[in-house]
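Proteins come first, then strands; the chains are lettered A, B, ... in the order of their sequence lines, and each starts at number 1.
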Amino acid sequence: MTEPTGGRMTEPTGGRSGPLRMLRLTWHLSGVSLHRLTEYRLDFLLGAGSFVVRLTLQAVVVGIVFLHVPTIGGWHYHQVLFLLGYSFLPRGLDHLFTDQLWEVGRKLVQRGEFYRYLIRPVNPLYLVLSERFCYPDGLGELLTGLVTVSYAASQLGLRLTPVRIAVALPLVVCGALIHTSVKLLFASLSFWTTTSLSAMTAANDIADFARYPMDIYHGPLRWLLTWPLPYAFTSYVPASYLLFGSTRYLWWTPVVTVVALAVSYGVWSAGVARYETTGS
Amino acid sequence: MTAPGTLTAAVRRTRRYLPMATAGLHTLLQYRISLLTGISSAAVSTTVQLFLWRAIYAGAAGGTLGGMTREQMMTYILVSNLLVMLLANRVEDEVAGEIYRGDIAVNLVRPLSYPLLRFFACLPVVGTNAVLAGLPLAALLVSVPGLAGPGPADAVFFLAAAVLSVLIGFAVNFLVGMTGFLTTNTWGIRYVKGSVAAFFSGQVVPISLMPAGLAAVARALPFQSMVSAPVRLFLGQYGDGREACWILGQQAAWVAALLGLCAFLWRRAVGRLEVLGG
């Protein structure tokens, strides 16, 4: 994110888009967002609350299923619950910082409003994201995820050793970045198709597969969820490590994350360049 | 007025709304892509559920759950997701959007009832979804051996129940859309309604598998009349014709109650509506 897109934005002074400045701005803008929460409390409750309701019901579904069977795909109740709760964490973190991408796919390109991100001396992607830093809906997801994971972990007697925590935190960040990449990729399609909300929704829906152990799916579907749309790395792979110490695929996580980011950022940059040349 | 006179008047009144259905069809053709969204969402959620229940049945002792065999459960999932597509009428988005933008003012100056106008405008959406979801389902039921297709009586009961389900779906979504009078953040409300309706309608887990407390809540809510009731009729999960009629009667009661509530709240809301600007 340190490089201005395609060098098309003229940089008045060197280093204005430096990583430090970005971090400082992110901190500041997140603070502004949190101030907004106190102003629009009902909005916050509706937004965050809607996710709490939805995710709680998903956990209830798992509970109901295990009233009738002891295992699913070899996983026990609290293990599935742990996986489900864990899957909320990267999604929530991603949601907290990149929700504005939905608006790009939905209408910003279509209505020609995107130009305003191009006329300021900051990376356009950063500028887009900054409009919804600390978006409150994500807090509902993170909160429900933390509660579910903690409950499941305590029931499983899962000991969080320092090593596991040291691995778990970057894994959540990687998972969030994978969600961001997919969202960015499909939002960028709008530069060619003017609106890409349906593609974004479809890609987002497919993440629902990651709520359950990959073991229950057929081989081709598992492959799809591991490589082309790498949602497996947002929940199944890290949860398998934390629950069973399984390191299969674990070390692929950073690689997949970097590749996903590079591909989606490349498509985004090409799209931004295209938008500029159409002179909208 | 004589009975035929009333009928003619009703027909004439209905004919005034037919252009709304045509306009709804035009809008739909403009936004073909959003149709695809609905289909892909339905396909993904159906696939997740099919795999999940396949795995669950692999661990189920005796091969039945809540009195349902694996094949019946697969049928249950397919039919319930078909119904969900019929219920995706976009009425809540349209109503909330028009209130939010103030466009509603244009529709209020017309000599038409706005709820009826919305109803006719959503018919093409429902009809298209019915075709798009119904044909693949019919093909699956015929071609996949073991899936539980309905008997002739079941099919008739199911079709009647599906129509009532569509009416309930309209009323619920109209009510949800009207929350636009109270808040601009109707997204959250629509999202909650989606989750709650999916759960308590029996779309995600059949109500017969829920623990007693949750099942009682589900039976007291209108959502089970949208999915669970028609699917039970489809699968023939009723004692006799009288029980089937009782299920349909319950649905009809929900239709009457919810449409009445729509009309009542609509009148109240319009009374206090202000739209700025021109």
Side-chain angles (χ1 to χ4, degrees), chain A residues 40 42-58 60-76 80 102 136-137 140 193-218 221-222 224-225, chain B residues 31-62 64-66 68 73 179 182-200 203-212 214-215 218:
Chain A
Y40 300 103
L42 182 65
D43 273 9
F44 168 62
L45 286 178
L46 283 174
S50 62
F51 277 94
V52 173
V53 170
R54 181 184 167 87
L55 302 180
T56 307
L57 286 175
Q58 288 179 3
V60 171
V61 168
V62 170
I64 293 176
V65 164
F66 278 97
L67 285 178
H68 301 276
V69 289
T71 61
I72 296 178
W75 291 52
H76 291 278
V80 175
W102 284 99
D137 297 7
T193 59
T194 68
T195 167
S196 63
L197 185 66
S198 44
M200 288 183 80
T201 312
N204 186 56
D205 284 338
I206 290 174
D208 282 354
F209 281 107
R211 297 202 309 240
Y212 301 110
M214 291 287 146
D215 309 84
I216 69 172
Y217 303 123
H218 278 312
L221 187 54
R222 269 210 302 265
L224 174 82
L225 295 168
Chain B
Y31 296 97
R32 281 179 300 254
I33 215 86
S34 73
L35 268 180
L36 292 178
T37 317
I39 298 169
S40 73
S41 290
V44 168
S45 94
T46 313
T47 314
V48 174
Q49 286 183 55
L50 286 176
F51 275 109
L52 179 65
W53 287 100
R54 195 179 68 127
I56 293 166
Y57 268 87
T64 61
L65 286 175
M68 278 206 256
M73 182 61 84
T179 56
L182 305 173
T183 169
T184 53
N185 190 356
T186 56
W187 188 89
I189 292 172
R190 284 179 280 155
Y191 201 66
V192 166
K193 177 241 138 197
S195 322
V196 170
F199 183 80
F200 284 109
Q203 181 210 340
V204 190
V205 180
I207 294 171
S208 58
L209 291 183
M210 292 182 185
L214 277 176

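- B/Gly59 and A/Pro70 get closest at one heavy-atom pair: O-CD, 3.7 Å.
- Closest of all the heavy-atom pairs between A/Leu57 and B/Ser195 is CD1-O, 3.7 Å.
- Heavy-atom distances place no part of B/Leu50 under 4.5 Å from chain A, backbone and side chain included.
- Of all the listed residues (A/Ser50, A/Ala48, A/Gly49, A/Gly74), the one sharing the greatest number of non-hydrogen pairs under 4.5 Å with chain B is A/Ser50.
- Note: B/Gly188 leads B/Gly66, B/Ala61, B/Gly188 in heavy-atom pairs under 4.5 Å with chain A.
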inquiry  = Working note: A/Asp43 + B/Thr183, criterion side chain to side chain contact (heavy atoms under 4.5 Å, CB included); need CA distance, chi angles, decisive distance, verdict.
reply    = CA-CA 8 Å; A/Asp43 273 9; B/Thr183 169; 4.1 Å; yes

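- The greatest number of non-hydrogen atom pairs below 4.5 Å with chain B, out of A/Val53, A/Asp137, A/Ile72, A/Thr193, is found for A/Ile72.
- Chain B forms the most heavy-atom pairs under 4.5 Å with one residue out of A/Val65, A/Asp208, A/Asp215, A/Leu55, and that residue is A/Val65.
- Nearest heavy-atom pair, B/Pro211 versus A/Ile64, reported as atom, atom and distance to 0.1 Å: CD-CG1, 3.9 Å.
- Residues that satisfy the salt bridge (charged side-chain N to carboxylate O under 4.0 Å, His left out) test with A/Arg54, not counting sequence neighbours, are absent from this structure.
- For A/Ile206, the parts lying under 4.5 angstrom from a heavy atom of chain B are both the backbone and the side chain.
- Going from atom OH of B/Tyr191 over to atom CG of A/Leu46 covers 14.0 Å, rounded to the nearest 0.5 Å.
- Proximity to chain A (any heavy atom under 4.5 Å) is shown, for B/Ala60, by both the backbone and the side chain.
- Of the atoms belonging to A/Leu221, it is side-chain heavy atoms, and not backbone ones, that fall under 4.5 Å from chain B.
- Listed options B/Leu209, B/Val192, B/Val205, B/Leu65 were ranked by heavy-atom pairs under 4.5 angstrom with chain A; first place goes to B/Leu209.
- Between B/Phe51 and A/His218, the ring-plane angle classifies as perpendicular under the 30° and 60° cut-offs.
- With chain A as partner, the option from B/Lys193, B/Arg190, B/Arg54 having the largest number of non-hydrogen pairs under 4.5 angstrom is B/Arg54.
- Across B/Ser41 and A/Thr201, no two heavy atoms sit closer than the pair OG-CG2, 4.2 Å.
- Applying side-chain contact (heavy atoms from CB on, under 4.5 Å) to A/Tyr217 and the options B/Val48, B/Leu52, B/Thr47 leaves one that passes, B/Val48.
- Nearest heavy atoms, B/Leu214 versus A/Val60: CD1-CG1, 3.8 Å.
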